[in-house]
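The model shown is predicted, which means the values in this text are computed figures rather than measured ones. Counting starts at 1 for both ligands and their atoms, in listed order.
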Amino acid sequence: MIGSANLNIMIKAARKAGRSLVKDFREVENLQVSRKGAGDFVSKADIAAEKILKEELMGARPTYGWLAEEGGEDEGADPTRRWIVDPLDGTTNFLHGLPHWAISIALEHKGKVVAGVVYDAAKDEMFFAEKGAGAWMNDTRIRVSGRHRMIESIFATGLPFAGRSDLPETLKDLARLMPACAGVRRWGAASLDLAYVAAGRYEGYWERRLNTWDLAAGVIIVQEAGGLIEAVNPEDDILTSGDVLCANESIYETFAKVIRD
Ligand code: 2AM
Ligand code: CA
Ligand code: CA
Ligand code: CA
């Protein structure tokens, strides 16, 4: 797969920030951590990774805009293009020594995501996609799963953590979904949940109240892998609402009905 210049910039940046995160992950007990809000932590590792990503991405494309979880927002000289970055998605896992976290980088053009990279550095799995060019994991083209029976399917979600207000909705969803399917998983890194749907590892995923940087890269990876993705309420915009529902094509309608009814 030969990507565009921008995709190569994104992959190179993800690898460089990934090396920094893997190093910090090995000595995670020594990291300085602070709390941004209820249950929302940030560490030296998040900050260091974001600094590397900013140097790499803005260094290569100085006119683009910038939106990142730990460093706020800048409108670039070119208002049509913007990097959307989560330097460490799954910080809570990272801080507990759980190897399930990722770097998420998206490129937006005129309000639409045109390229996305989700890098699981601990497992060296680089998920990426570019509009019209398919979705990939390392050297392999990926596709959503072909399962179409609910009873054989597994779904992922995020369980609301301290401070998040969507508990009643999530409990209602779970009560309807759990008896109908083969299982529900909760891993704690939204960008990887999306990448796993794209790779056919589970059939679908839904979650509410996410941030733009959790979702932007994963959205295009799911689409390019042949998946369907919308906001939980299909009239909403995914990135601005932060609510997402995605699945392979064959099960989408049945799954969406369970969550939406
Ligand atoms: P973060 O690690 O970048 O903050 C969905 O669960 C998203 O919520 C995750 O991708 C995660 O992104 C964020 N999040 C923030 N605090 C969390 C917590 N205590 N538990 C799980 N996810 C959390
Ligand atoms: Ca966070
Ligand atoms: Ca995140
Ligand atoms: Ca983060």
Side-chain angles (χ1 to χ4, degrees), residues 13-14 17-18 20-22 24-25 28 31-54 57 66-73 83-106 113 116-122 127 155-167 169-171 173-174 184-198 202 204-219 221-222 229 231-232 238-246:
S20 162
L21 287 172
V22 165
D24 284 335
F25 188 61
V28 70
L31 271 185
Q32 262 179 281
V33 181
S34 53
R35 203 156 55 96
K36 297 198 292 183
D40 192 1
F41 301 95
V42 60
S43 69
K44 280 247 156 113
D46 303 59
I47 309 286
E50 187 166 308
K51 183 164 176 281
I52 293 169
L53 293 168
K54 192 165 190 181
L57 298 167
W66 177 257
L67 172 67
E69 179 171 12
E70 315 303 343
E73 220 173 337
W83 299 117
I84 302 175
V85 170
D86 189 343
L88 175 50
D89 184 39
T91 297
T92 307
N93 286 344
F94 187 99
L95 295 176
H96 285 250
L98 286 167
H100 195 80
W101 43 269
I103 294 164
S104 176
I105 306 170
V113 178
V117 168
V118 172
Y119 182 42
D120 178 341
F127 299 90
F155 297 92
T157 190
L159 298 182
F161 45 86
R164 242 171 47 168
S165 60
D166 50 327
L167 184 60
E169 288 151 296
T170 305
L171 292 178
D173 295 343
L174 288 172
V184 177
R185 300 290 181 264
R186 197 285 191 213
W187 287 96
S191 62
L192 283 176
D193 287 326
L194 293 162
Y196 279 22
V197 171
Y202 27 74
Y205 161 67
W206 86 106
E207 186 164 354
R208 297 184 177 82
R209 316 272 194 284
L210 293 164
N211 291 299
T212 308
W213 48 78
D214 300 316
L215 289 167
V219 169
I221 300 176
V222 170
I229 184 162
V232 176
I238 303 171
L239 294 190
T240 48
S241 71
D243 292 354
V244 69
L245 190 156
C246 67

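Ionic pairing of Asp46 and Lys36 is not present here: no N-O contact between side-chain nitrogen and carboxylate oxygen is shorter than 4.0 angstrom.
In this structure, the separation between CD on Glu207 and OG1 on Thr157 is 5.5 Å, given to the nearest 0.5 Å. Here the CD1-CG distance, from Ile103 to Leu21, works out to 5.0 Å after rounding to the nearest 0.5 Å.
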Run through all N or O atoms in ligand 1 and write down each protein N or O closer than 3.5 Å, as a pair with its distance.
| unit_1 | atom_1 | unit_2 | atom_2 | d |
| --- | --- | --- | --- | --- |
| ligand 1 | 2 (O) | Gly90 | N | 2.7 |
| ligand 1 | 2 (O) | Thr91 | N | 2.8 |
| ligand 1 | 3 (O) | Glu69 | OE1 | 3.2 |
| ligand 1 | 3 (O) | Asp86 | OD2 | 3.0 |
| ligand 1 | 3 (O) | Leu88 | O | 3.2 |
| ligand 1 | 3 (O) | Asp89 | OD1 | 3.4 |
| ligand 1 | 6 (O) | Glu207 | OE2 | 3.0 |
| ligand 1 | 10 (O) | Asp89 | OD1 | 2.5 |
| ligand 1 | 10 (O) | Ala190 | N | 3.1 |
| ligand 1 | 12 (O) | Asp89 | OD1 | 3.0 |
| ligand 1 | 16 (N) | Gly39 | O | 3.2 |
| ligand 1 | 19 (N) | Gly39 | O | 2.7 |
| ligand 1 | 19 (N) | Thr92 | OG1 | 3.4 |

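Using a 30° and 60° split on the angle between ring planes, Tyr196 and Phe127 fall in the tilted class, from 30° to 60°.
The nearest pair of heavy atoms linking Ser20 to Ala49 is OG-N, 4.5 Å.
Residues Leu194 and Leu215 meet the side-chain proximity criterion, which asks for heavy atoms closer than 4.5 Å.
Under a 3.5 Å cut-off, the side chain of Asp89 and the backbone N or O of Ser191 do form a donor-acceptor pair. Judged by distance alone, the side chain of Thr170 and the main-chain N or O of Leu159 form no donor-acceptor pair under 3.5 Å. A distance-only check finds a donor-acceptor pair linking the side chain of Asp243 to the backbone of Arg209 [under 3.5 Å].
Around the Ca ion (ligand 3), the protein atoms of type N, O or S that sit closer than 3.0 Å are Asp86 OD2, Asp89 OD1, Asp214 OD1.
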